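Single-structure report; data block below.
Remember, it's a predicted structure, so these values are computed and weren't measured experimentally.
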Amino acid sequence: MTTEHPSNKLPKDSASHDLLLQESAATQPPFADEHEFNLRLADNDDYEGLTFEVIETEVAEGKQVVSRGVYLAPNLITTLSLLSGFYSILASTQGEFYKASLAIFLSAILDGADGRVARMLNAQSPFGEQYDSLADMLAFGVAPAILVYSFALQPLGRLGLGCAFVFTACAAFRLARFNVQIGEVDKEYFVGLASPLAAILVTAAVMVAVDHNEWVGQYDALVMGLFAMWIVVCGLLMVSNVKYYSFKEFDKKRVPFVVLIIGVLVMSIVLYDIPVGILAIGIIYALSGIITTIKSKVKS
């Protein structure tokens, strides 16, 4: 007489899932749902050997949820941002400063896109938040510092190296502070200048200097001094407590029609000389936070 193995009695549509539950040491006793299974799997998995899985815990609707895998679309966009930052570093070391600057601008655009895509698809996750910060560190902390150091600060020796490092360190501090304050600060404002905006300020200055290079051979020392101060100031603004409007809720609000006309005029001015226009708008934005903070201190 042939004895039928108990596993052969499983329904075909659930056989593979139930077999996985039976064979895993993490699934004794059997669990009611996949979240409970993932929770026990995360507790018991020793992560030995070759593995390509992400198991993370998050809170959804007041309950602890453990899930496996990552969201593809936003993390691919973050990877493109990381690639742009990496390319910028390579271009800077090869003296291709304009290409390096454009790569940082592309990283900033992609950095804004990945968050919006994640919110639109409801694909936000702890892994995505941490991965985004690591990509930002390279693209907006390391790449701009190497760009400015290679372009203007290298002749200053250790002083130039120190100024570039101040920017990188401040970017790391700013991103770490942002991560630990997620959910605790007002989303309408950034505390300190956001790292992509600081990177754009530094990068736009390099592009302006490349386009308007009449200073080469005449004012080199002055330009090196200005870049040294500029990169330190931008770094310190990142770790300051100055509040900057985040524009995260701006696209959901109605504004007077005249604002649209003003926007068109500003775009026309910027198109006349894009690097100069971007640098000017960035400086105005950086000053706006400082002025607002001073006014609020005076009133209080």
Side-chain angles (χ1 to χ4, degrees), residues 47 50-56 58 67-151 164-182 190 192-207 231 234-235 238-239 246-248 278 282:
Y47 300 99
L50 187 64
T51 179
F52 297 95
E53 189 58 277
V54 174
I55 302 175
E56 58 185 7
E58 54 186 326
S67 57
R68 289 177 292 172
V70 297
Y71 293 109
L72 183 61
N75 287 302
L76 278 181
I77 296 174
T78 302
T79 303
L80 289 174
S81 176
L82 180 64
L83 174 61
S84 296
F86 179 73
Y87 174 80
S88 174
I89 293 173
L90 296 181
S92 295
T93 57
Q94 295 171 1
E96 298 179 347
F97 304 120
Y98 216 85
K99 289 183 178 179
S101 301
L102 292 175
I104 293 174
F105 272 96
L106 179 58
S107 289
I109 294 172
L110 293 170
D111 180 66
D114 63 2
R116 288 187 176 273
V117 168
R119 289 190 292 271
M120 182 176 63
L121 300 178
N122 195 24
Q124 296 167 286
S125 68
F127 173 85
E129 292 173 355
Q130 299 304 319
Y131 183 37
D132 182 69
S133 290
L134 292 172
D136 287 356
M137 181 59 209
L138 182 83
F140 310 128
V142 178
I146 292 178
L147 170 63
V148 175
Y149 177 77
S150 302
F151 177 72
F165 177 71
V166 166
F167 183 87
T168 298
C170 288
F173 296 154
R174 194 258 182 275
L175 290 167
R177 184 178 67 178
F178 178 81
N179 285 347
V180 300
Q181 291 179 342
I182 290 178
F190 292 125
L193 190 64
S195 56
L197 297 173
I200 286 174
L201 282 174
V202 170
T203 303
V206 172
M207 296 179 73
I231 197 170
C234 291
M238 283 192 285
V239 296
S246 68
F247 295 100
K248 289 183 177 180
I278 292 175

Gap between atom CG of L134 and atom CG of L138 - 0.5 Å precision: 9.5 Å
Within-4.5 Å side-chain heavy-atom neighbours: L175 and F140: no
Nearest atoms (heavy-atom pairs only) where V202 meets V148: CG1-CG2, 2.9 Å
From CZ (F173) to OG (S195), nearest 0.5 Å: 14.0 Å
Heavy-atom pair of closest approach, residues C170 and V239: O-CG1, 3.4 Å
Residue F165 excluded, over 12 heavy atoms near CZ under 6.0 Å: no
D111 side chain reached by D136 side chain, heavy atoms, under 4.5 Å: yes
Test item: S88 side-chain N/O and S84 main-chain N/O as donor-acceptor pair under 3.5 Å: no
Distance in Å, Q124 CD paired with F127 CZ, rounded so as to fall on 0.5 Å steps: 15.0 Å
Heavy atoms of other groups near F86 CZ, more than 12 under 6.0 Å: no
Side-chain (S107) to main-chain (A103) donor-acceptor, under 3.5 angstrom: yes
Non-hydrogen atoms of S101 and L147 that approach each other most closely: OG-CD2, 3.5 Å
Matching residue for P144 among L201, I104, I89, V206 - test: side chain to side chain contact (heavy atoms under 4.5 Å, CB included): I104
Stepwise side-chain contact (heavy atoms from CB on, under 4.5 Å) check, S125 with V70: CA-CA 8 Å; S125 68; V70 297; over 6 Å; no
Closest non-hydrogen atom pair, L82 against A135: CD1-CA, 3.9 Å
Any side-chain heavy-atom pair of F178 and M238 under 4.5 Å: no
Y71 side chain reached by L121 side chain, heavy atoms, under 4.5 Å: no
Side chain to side chain, I231 and V166, heavy atoms closer than 4.5 Å: no
Separation of M207 CE from I200 CD1 (nearest 0.5 Å): 10.5 Å
Validation row: F105, I278 side chains within 4.5 angstrom (heavy atoms): yes
Minimum heavy-atom distance between N179 and S133, given as atom pair plus value: OD1-OG, 2.9 Å
Separation of M137 CE from D132 CG (nearest 0.5 Å): 13.5 Å
Closest non-hydrogen atom pair between T168 and A145, with its separation: OG1-CB, 3.2 Å
